[in-house]
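Heads up, the thing below is written out as structure tokens.
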Amino acid sequence: MGIQAFTKLGNTVTFTANTSAPTPVQATSDTLGGNQYRIVNAGNVAVFLGAAATSAAASTNAGNVATSIPILPNTQEVLTFLPNAYFTGSTSSGTAVVYITAGDGL
């Protein structure tokens, strides 16, 4: 079995990251094992992504460099988190639209 391309297995959610993180969104999966997420930062600034099992924890993580994951401007990544995670993000300045899709693969 080889590495497989990313397969969408859930909804796509979006939020606009700002200097103050917006209300978290939940990316749900259609399967029990769907805990990989395609994350697209369509903005021109880095986003400090907060992800967690709860909305409150995602907000806390986005506001802390030590617990957030920086997503560079105009990039996409596939990352693994727990299933049905909540996401939000903050920026140092400006705004960036972020898209997150639940799925499986690279």
Compare all side-chain heavy atoms of [X] with those of [Y] and state whether any distance is below 4.5 angstrom.
{"X": "Leu49", "Y": "Pro70", "answer": "no"}
{"X": "Pro24", "Y": "Phe87", "answer": "no"}
{"X": "Ser68", "Y": "Asn61", "answer": "no"}
{"X": "Thr14", "Y": "Val98", "answer": "no"}

Checklist entry - So which of Thr16, Thr91, Val97, Thr95 actually passes side-chain contact (heavy atoms from CB on, under 4.5 Å) with Val47? => result Thr91
Using a 3.5 Å distance criterion without hydrogens, assess whether the side chain of [X] forms a donor-acceptor pair with backbone atoms of [Y].
{"X": "Thr7", "Y": "Gly103", "answer": "no"}
{"X": "Thr75", "Y": "Ile71", "answer": "no"}
{"X": "Gln26", "Y": "Ala85", "answer": "no"}
{"X": "Ser90", "Y": "Ser20", "answer": "no"}
{"X": "Asn41", "Y": "Val45", "answer": "yes"}

Between [atom1] of [X] and [atom2] of [Y], what distance do you get to the nearest 0.5 Å?
{"X": "Gln36", "Y": "Thr80", "atom1": "CD", "atom2": "OG1", "result": "4.0 Å"}
{"X": "Lys8", "Y": "Asp30", "atom1": "NZ", "atom2": "CG", "result": "7.0 Å"}
{"X": "Leu72", "Y": "Glu77", "atom1": "CG", "atom2": "CD", "result": "7.0 Å"}
{"X": "Tyr37", "Y": "Leu9", "atom1": "OH", "atom2": "CG", "result": "10.5 Å"}

Checklist entry - Does Phe6 belong to the same Ile/Leu/Val/Met/Phe/Trp/Tyr cluster as Ile39, with side-chain heavy atoms less than 4.5 Å apart forming each link? => result no
Next on the checklist: Under 4.5 Å between side-chain heavy atoms, counting indirect links through other Ile/Leu/Val/Met/Phe/Trp/Tyr residues: same cluster for Val40 and Leu79 or not?
Outcome noted: no
Search all heavy atoms of [X] against all heavy atoms of [Y] and return the closest pair with its distance.
{"X": "Ala58", "Y": "Ala52", "answer": "N-CB, 3.5 Å"}
{"X": "Ile100", "Y": "Ala27", "answer": "CG2-CB, 4.1 Å"}
{"X": "Val78", "Y": "Gly105", "answer": "CG1-O, 3.2 Å"}
{"X": "Ala66", "Y": "Asn64", "answer": "N-OD1, 2.9 Å"}
{"X": "Ala62", "Y": "Thr88", "answer": "CB-CG2, 3.7 Å"}

Next on the checklist: Set out, in order, the CA-CA distance, both residues' side-chain angles and the distance that settles side chain to side chain contact (heavy atoms under 4.5 Å, CB included) for Asn84 and Ser29, then state yes or no.
Outcome noted: CA-CA 6 Å; Asn84 304 317; Ser29 176; 4.0 Å; yes
Checklist entry - How does the hydrophobic cluster around Phe48 look, that is, which other residues are in it when side-chain heavy atoms under 4.5 Å mark a link? => result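 Besides Phe48, the cluster holds no residue at all.
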Checklist entry - Strictly by modelled atom types, are Asn74 and Asn44 linked by a side-chain donor-acceptor pair under 3.5 Å? => result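 Judged by distance alone, the side chains do pair up.
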Next on the checklist: Could you tell me if Asn11 and Thr28 have a donor-acceptor pair between their side chains, going purely by distance under 3.5 Å?
Outcome noted: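 Yes, because at least one side-chain N or O of Thr28 sits under 3.5 Å from a partner of the opposite role on Asn11.
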Checklist entry - What do you reckon, are the aromatic ring centroids of Phe15 and Tyr99 less than 6.0 Å apart? => result no
Next on the checklist: Please determine whether side chain to side chain contact (heavy atoms under 4.5 Å, CB included) holds for the pair Leu82 and Asn35, giving the CA-CA distance in whole Å, both sets of side-chain angles, and the decisive distance to 0.1 Å.
Outcome noted: CA-CA 5 Å; Leu82 59 125; Asn35 64 334; 5.8 Å; no
Item to check | Stepwise side chain to side chain contact (heavy atoms under 4.5 Å, CB included) check, Ile69 with Phe81 | outcome: CA-CA 12 Å; Ile69 298 173; Phe81 297 101; 3.6 Å; yes
